[in-house]
Amino acid sequence: MLDLLISLQLWGIIRQLRDAITLKLDDWVLRRGLRCPVCLSKQIWKDGHEKRKSRCPVQRYFCCNCNRSFCINTLAPWYWHKYSAASIILFLWYVLCGDSILHTRETVSFSEKMPTWKTLWSWLQKFGDLLMSKSSRIKQKVSRYRAWQTDEAYIRDKPIVGTVDPQTNKIFLTPGWHANTKSLFSHLSRVVSRWKKKPRGWWTDEWQAYPNAFNMLDENLPHGKIKHRDWKFKNSKGITTNAIENVWRQMRRWLHRKNGLKHQAYVDFYVELFEVKYNEIHNPKIMVDMLID
C-alpha cells in the first residue's frame, strides 16, 4: 500500500494529513493549561520551533522560573514514542473499534517503516491500561427504575459474568476461572458497589447458582428467571434477558476479529477494554480527552 502511494506521488498528502491530526492533538494538550513539567510554573515563554523527523515542527517553550525548555506535548502520554502521535491515536481507535493489530498496522502507518507487532502490542497495553484506569474513576450513571440483567458467557472455556442496565446501556463484566455461587456473589456485590444503586429487579436465566448468590447478597431484590432450556426467551410476566445477550453477541464479534486469544490473560485484558469502549468511548474525541486529562 505504501509503495502504491509513493508511486502515485500521494505521499505528500498523507504526510499533510498526519501533520493536521498532530496539530489537532497539540490543541487538546493546550486546553488543559500548559505548565512547566519541572516546577509546574505557568510563567513560560514561546521559544521557537524544533524540527522533528517524523512530524511537523513542534512548538517549544522556556520556563522563566527554572530556566528549563520543553516542547508542547512533553506531558502527553505519547511523547516518548518514536512514531507520531497521529499514528498512535489512529491505531488505538481502530483497535477499539474491533480491527486486529496486524491489519491496523497497514491502515494507520504514516511512515515507510512500519512498527512491529511487539511495538503495537506495547502501545495497546500502555494506553489500554491508561484508559481502564481513567474509566474506573468515572461515575456510572445507571437507572434504578428498570430491572438489570445478568448472564454468563464462556471464552476459552472460562466464564465471563456480565450485568447490563437496559435503560442506560451500561455494562459491568467480570472474567473468572470458575463459575459458582461464590464468583456470582462477588460479581453482584461489585456491581452494586460500582453503580451505587439498587435496581427495581434483577433478571437472570434458570441456573441454580443465581438464587444462592442473591440470598448471600441480602438486598431483598426481586429476582426473575427465564427458562432458556425450553427455547423461551420471555416468561409469562414479560421478563427477558435480550439486552445482555446482545452484549455477548457484540463482544464475540469484537473478539473474533483479534485473530485469536492464546491465553486467559489476553481474555481478561480484552474484556475489560471492551467494557471501557462500550461504556465510555463513543468517538475519538472522548478517547483523546481520557488519555490527556
For the residue pair E152 / Y210, report whether a side-chain donor-acceptor contact shorter than 3.5 Å exists.
yes
If you measure from NZ on K141 to CD on Q167, what distance do you get to the nearest 0.5 Å?
13.5 Å
Please round to the nearest 0.5 Å and tell me the distance separating atom CD1 of I88 and atom CG of L120.
10.0 Å
So do the side chains of H223 and P211 get within less than 4.5 Å of each other, counting heavy atoms only?
yes
Audit row: Y278, N169, side chain to side chain contact (heavy atoms under 4.5 Å, CB included) steps and yes/no:
CA-CA 9 Å; Y278 193 93; N169 210 25; 3.0 Å; yes
Shortest non-hydrogen contact from M287 to I281?
CB-CG2, 3.8 Å
Measuring from atom CH2 of W207 to atom CG of N212, what distance do you get when rounded to the nearest 0.5 angstrom?
10.0 Å
Smallest separation among heavy atoms of W203 and P222, with atom names:
CZ3-O, 3.9 Å
Checking the side chain of K134 only, and the main-chain atoms of M290 only, is there a donor and an acceptor separated by less than 3.5 Å?
yes
Taking atom NE2 as the centre, does H282 end up with more than 12 heavy-atom neighbours from other residues, nucleotides or ligands that are less than 6.0 angstrom away?
yes
Decide whether T116 and T119 meet the rule of one side-chain donor and one side-chain acceptor closer than 3.5 Å.
yes
With heavy-atom distances below 4.5 Å as the criterion, would you say the side chains of Y61 and S69 are in contact?
no
Does W123 reach the side chain of V95, with side-chain heavy atoms less than 4.5 Å apart?
no
Once rounded to the nearest 0.5 Å, what's the spacing between atom OG of S143 and atom NZ of K197?
6.5 Å
Is any side-chain heavy atom of L291 less than 4.5 Å from a side-chain heavy atom of L92?
yes
Is the closest side-chain heavy-atom distance between D205 and K225 below 4.5 Å?
no
Any non-hydrogen side-chain atom of L173 less than 4.5 Å from a side-chain atom of M251?
yes
With sequence neighbours excluded, tell me which residues meet side chain to side chain contact (heavy atoms under 4.5 Å, CB included) with K170.
Q140, V142, T168, W195, N279, E280
Rounded to the nearest 0.5 Å, how far does OG of S189 lie from CG of L184?
10.5 Å
A quick test of your reading: do over 12 heavy atoms of other residues, nucleotides or ligands sit less than 6.0 Å from CZ of R194?
yes
Got a sec: does the CD of Q43 have more than 12 other heavy atoms crowding it under 6.0 Å?
no
Closest non-hydrogen atom pair, A153 against R252
CB-NH2, 3.6 Å
Taken in chain and number order and not counting sequence neighbours, the residues that satisfy side chain to side chain contact (heavy atoms under 4.5 Å, CB included) with R253 are R249
Using the six-membered ring wherever Trp is involved, compare the ring planes of F214 and W202 and label them parallel, tilted or perpendicular (cut-offs 30° and 60°).
perpendicular
For the pair S183 (side chain) and N180 (backbone), establish whether a donor and an acceptor sit closer than 3.5 Å, ignoring hydrogens and angles.
yes
Please name the residue in the list D165, T163, T174, T150 that meets the side-chain contact (heavy atoms from CB on, under 4.5 Å) test with V191.
T163
Tell me the closest heavy-atom pair linking F269 and L124, and the distance in Å.
CZ-O, 3.5 Å
Going from CD on Q250 to NZ on K277, what distance comes out if it is rounded to the nearest 0.5 angstrom?
9.5 Å
Any sub-3.5 Å donor-acceptor pair from T104's side-chain atoms to S100's backbone N or O?
yes
Minimum heavy-atom separation for C66 to C39, with atom names?
SG-SG, 3.7 Å
Shortest non-hydrogen separation from A243 to Q149 and the atoms involved
N-OE1, 3.1 Å
Look only at the side chain of W254 and the backbone of L96, and say whether a donor-acceptor pair between them is shorter than 3.5 Å.
yes
So W45 and F62, would you call those rings parallel, tilted or perpendicular, with 30° and 60° as cut-offs?
tilted
Side chains of F274 and I171, heavy atoms from C-beta outward: is any pair under 4.5 Å?
yes
Would you say W117 and I101 make side-chain contact, with heavy atoms under 4.5 Å?
yes
Ignoring hydrogens and angles, tell me if any N or O in the side chain of N246 forms a donor-acceptor pair with the backbone of N242 under 3.5 Å.
no
With under 30° as parallel and over 60° as perpendicular, where do the rings of W121 and Y266 fit, or are they tilted in between?
tilted
Would a line drawn from the ring center of F172 to the ring center of H187 be shorter than 6.0 Å?
yes
